[in-house]
Amino acid sequence: MSRHIQVTFDAHDPQALSSFWRDALGYAHPGPPGVDLPPGADPLAAWDEFLTRIGVPEEERNTRSALEDPDGHGPRLFFQKVPEGKTAKNRLHLDVRAAPGLQGEERMAALEAECDRLVALGATRVRRHEPAPPMGFGHIVMTDPEGNEFCLD
C-alpha cells in the first residue's frame, strides 16, 4: 500500500515562503479548521481572523503555514519557522516539472519562460544544464526566496 506524503520546509518566514510556492506550483492555502471560505476569500486573512479569535499572540502567528494541491493529487506542503539559518546545500530538493513532454530547444524555451516567471516571484536562477541525450534532457537549477535549491525539469 502506498503512502501519502507531506513535504516540510524549515523557514524564517513561513507565510512568505508558502506564498512563493503557492504561486510557483498553483497550490492553495487551506482555510482554518471549521471555517468555510466563500469563493474569492483570502485564506491568509481568514487565518489572521481565526488566530486572533482563538487568542494566538501576534508574534506567534507566522510560525507555520501550509499549502494543498487544489486538484488533490500532489503532496501537502508544510512550512515551519525555525531559528537557525540554512548553512549548506539541501539534501533533498524539488524538481518542478515545467516542460512535460517537450524536448530540445522547445523544452529549454519553456524552462526559461518558467524561470523568468519564478525569478519575478523571488526565486534566484543558479545555472542552466544543457540537454545531453540520451539521458540528460536539460534543466535549470534555482533557489527559492530562502535559498532552498530546486530544479525546473
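Nothing here was measured: the structure is a model prediction, and the numbers come from that model. Counting begins at 1 with the first residue of the sequence.
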Go through the steps for D13 and N62 under the test side-chain contact (heavy atoms from CB on, under 4.5 Å), then give the verdict.
-> CA-CA 7 Å; D13 186 343; N62 189 20; 2.7 Å; yes

Report the C-alpha separation of N148 and M142 in whole Å, then their side-chain angles, then the decisive distance to 0.1 Å, and conclude whether the side-chain contact (heavy atoms from CB on, under 4.5 Å) test is met.
-> CA-CA 8 Å; N148 301 302; M142 303 188 74; over 6 Å; no

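- Rounding to the nearest 0.5 Å gives a distance of 13.5 Å between CG of L25 and CD of E68.
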Output, in order, the C-alpha distance, side-chain angles, deciding distance and verdict of side-chain contact (heavy atoms from CB on, under 4.5 Å) for S19 and L44.
-> CA-CA 10 Å; S19 293; L44 294 177; 3.9 Å; yes

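- Taking all atoms of both residues into account, the shortest heavy-atom contact from P33 to W47 is CD-CH2, 3.5 Å.
- The pair R53-D48 fails the salt-bridge criterion, with no side-chain N (NZ, NE, NH1 or NH2) lying under 4.0 Å from an Asp/Glu carboxylate O.
- In this structure, a donor-acceptor pair under 3.5 Å is absent between the side chains of T143 and R125.
- For E146, there are no side-chain hydrogen bond (donor to acceptor under 3.5 Å, both in side chains) partners two or more places apart in sequence or in a different chain.
- Of the inter-residue distances, the one linking H139 atom NE2 with D95 atom CG reads 8.0 Å to the nearest 0.5 angstrom.
- In this structure, L111 and A98 approach most closely via the heavy-atom pair CD2-CB, 3.9 Å.
- Considering only heavy atoms from C-beta on, D42 stays 4.5 Å or farther from L37 through its side chain.
- Closest heavy-atom contact between F150 and V96: CD1-CG2, 3.9 Å.
- In this structure, R76 contributes its side chain and A66 its backbone to no donor-acceptor pair below 3.5 Å.
- In this structure, D116 CG and E114 CD are separated by 9.5 Å, a value rounded to the nearest 0.5 Å.
- No hydrogens or angles considered: nothing links the side chains of R64 and Q80 as a donor-acceptor pair under 3.5 Å.
- Here the shortest heavy-atom pairing between L118 and F20 reads O-CE1, 3.9 Å.
- Side-chain contact between D153 and R107: present, with at least one pair of heavy atoms (C-beta onward) separated by less than 4.5 Å.
- Here the CG-CG distance, from L17 to D144, works out to 4.5 Å after rounding to the nearest 0.5 Å.
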Could you walk me through whether I140 and E112 pass the side-chain contact (heavy atoms from CB on, under 4.5 Å) check?
-> CA-CA 8 Å; I140 298 174; E112 288 290 351; 3.8 Å; yes

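- With contacts defined as side-chain heavy-atom distances shorter than 4.5 Å, the pair P131/M108 qualifies.
- In terms of heavy atoms, A28 sits closest to P70 at N-CD, 4.2 Å.
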How far apart are the C-alpha atoms of E130 and R128, what are their side-chain angles, what is the distance that settles it, and do they pass the salt bridge (Lys or Arg N to Asp or Glu O under 4.0 Å) test?
-> CA-CA 6 Å; E130 297 298 325; R128 174 177 160 148; 2.6 Å; yes

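- Counting only heavy atoms from C-beta outward, the side chains of H93 and C151 approach each other to under 4.5 Å.
- Using cut-offs of 30° and 60° on the angle between ring planes, the pair F79 and F9 is parallel.
- Summarising the geometry, atom OG belonging to S65 is positioned 10.0 Å from atom CG belonging to L77; distances are rounded to the nearest 0.5 Å.
- Annotation: side-chain hydrogen bond (donor to acceptor under 3.5 Å, both in side chains) contacts of T63 (sequence neighbours excluded): none.
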